[in-house]
Structure formats: C-alpha cells, structure tokens
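Every value quoted in this text rests on a predicted model; they were computed, and no experiment measured them.
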Amino acid sequence: QLQLVESGGGLVQPGGSLRLSCAASGFTLDYYAIGWFRQAPGKEREGVSCISSNGGTTRYPDSVKGRFTISRDNAKNTVYLQMNSLKPEDTAVYYCARDRTRRILGCRFDGSNWYDYWGQGTQVTVSS
C-alpha cells in the first residue's frame, strides 16, 4: 500500500519556523522525485519545492526561495521541508507528493500533474 503522511504543521507567528515531514510507506521514497505543494482556501494549488530522486537537485519558486529548504533522509524514508521566516501568506494546507517518474537528475514544481500519489496534507497557519 502506497502512502505519504505529512506532519509538523501548526500555528506559528510571523517570522517563525516549522519543519514539515513527509513519511513514505509502501515504496522507497528515494527512488522518486518528491514535491511539496500548498493550497489556501480559494486559491490554486501551488508548488513550493521539489527534490530529485538522487537529492542533487532542489527547486523553489520565488515566493519561498531563500526561506524554505527541502531535504531527504533516506534511512528514515522521509522528506522534510524546513520553513523559515514564515509570513501570513504562507498559510495553507501543505502536501507532499510523489513524482510520476523517478527524475533522477531533476524535478518539477510548476504543476501538480507531474505527481501521482499525494498525502492528506498538514495545516500551516502563520498568524499573530
């Protein structure tokens, strides 16, 4: 059974930090490129990061570049998203997803259709 489970969300003040985790079961996570996406009410789903299957390539949109960092821990079959300097506009449900291909050398965050399996999401709220 393939499964992705996000955790680590919560309420944080502006300027604070959170680390999200994406734990995989039913497959070896490091065989696949992984993306993080977010969706706020009334808005389209937005890619915020991705990492290639070999971990050598990471990508971020301008909206989070310099603040978010994606990483892998192959031994734990887990991908993380470290989020620093959080802003109210970062408030959303955050999802991790498995790429449709292994994408050894690259990854995509510019569309959700690149991904086939999704977690249920974890809520991140940035507010004072």
Aromatic ring proximity, centroids under 6.0 angstrom, Y94 and F37: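 No, the ring of F37 stays outside the 6.0 Å limit from the ring of Y94, centre to centre.
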
How about [X] and [Y]: do any of their side-chain heavy atoms sit closer than 4.5 Å?
X: P88; Y: S127; result: no
X: T101; Y: W114; result: no
X: S21; Y: K76; result: no

Could you see if [X] belongs to whatever hydrophobic cluster contains [Y]? Use Ile, Leu, Val, Met, Phe, Trp, Tyr and a side-chain cutoff under 4.5 Å.
X: V124; Y: V5; result: no
X: Y32; Y: L2; result: yes
X: I51; Y: Y80; result: no
X: Y95; Y: Y60; result: no
X: I70; Y: L105; result: no

Can you tell me how far the [atom1] atom of [X] sits from the [atom2] atom of [Y], to the nearest 0.5 Å?
X: N84; Y: T69; atom1: CG; atom2: OG1; value: 6.5 Å
X: R67; Y: K87; atom1: CZ; atom2: NZ; value: 4.5 Å
X: S53; Y: R103; atom1: OG; atom2: CZ; value: 10.0 Å
X: F109; Y: S49; atom1: CZ; atom2: OG; value: 8.5 Å
X: N113; Y: R45; atom1: CG; atom2: CZ; value: 10.5 Å
X: Q120; Y: C96; atom1: CD; atom2: SG; value: 10.5 Å

Within 6.0 angstrom of Q123 CD, more than 12 heavy atoms from elsewhere: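 Counting neighbours around CD of Q123, more than 12 heavy atoms of other residues, nucleotides or ligands fall under 6.0 Å, so yes.
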
Atom CZ of R72: over 12 foreign heavy atoms under 6.0 Å: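 Above 12, so yes.
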
Sidechain-backbone polar pair: N54 side chain, I104 backbone, donor-acceptor under 3.5 Å: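 A pair under 3.5 Å: yes.
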
Exam field: side chain T91 to backbone V126, donor-acceptor pair closer than 3.5 Å: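 The answer is yes, because a donor-acceptor pair under 3.5 Å joins these two groups.
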
Verdict with reasoning, T78 to D73, per side-chain hydrogen bond (donor to acceptor under 3.5 Å, both in side chains): CA-CA 5 Å; T78 300; D73 187 335; over 6 Å; no

Candidate pair L86 and F68, rule side-chain contact (heavy atoms from CB on, under 4.5 Å), full reasoning: CA-CA 9 Å; L86 284 163; F68 290 10; 3.9 Å; yes

Could you tell me which non-hydrogen atom of [X] sits nearest to which non-hydrogen atom of [Y], and how far apart they are?
X: G121; Y: E6; result: N-OE1, 2.8 Å
X: L29; Y: A24; result: CD1-CB, 3.7 Å
X: S128; Y: P14; result: N-CD, 3.8 Å
X: T122; Y: G8; result: OG1-N, 4.2 Å
X: S17; Y: S85; result: OG-N, 4.3 Å
X: C22; Y: W36; result: CB-CZ2, 3.5 Å

Candidates I34, V48, V64 - the one meeting side-chain contact (heavy atoms from CB on, under 4.5 Å) with L81: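 Only one option passes, and that is V48.
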
Residues R38 and D90 bridged, charged N to O under 4.0 Å: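 So R38 pairs with D90 through a salt bridge.
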
Cation-pi, F27 ring and R98 (6.0 angstrom, 45 degrees):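 Verdict for F27: a cation-pi partner in R98.
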
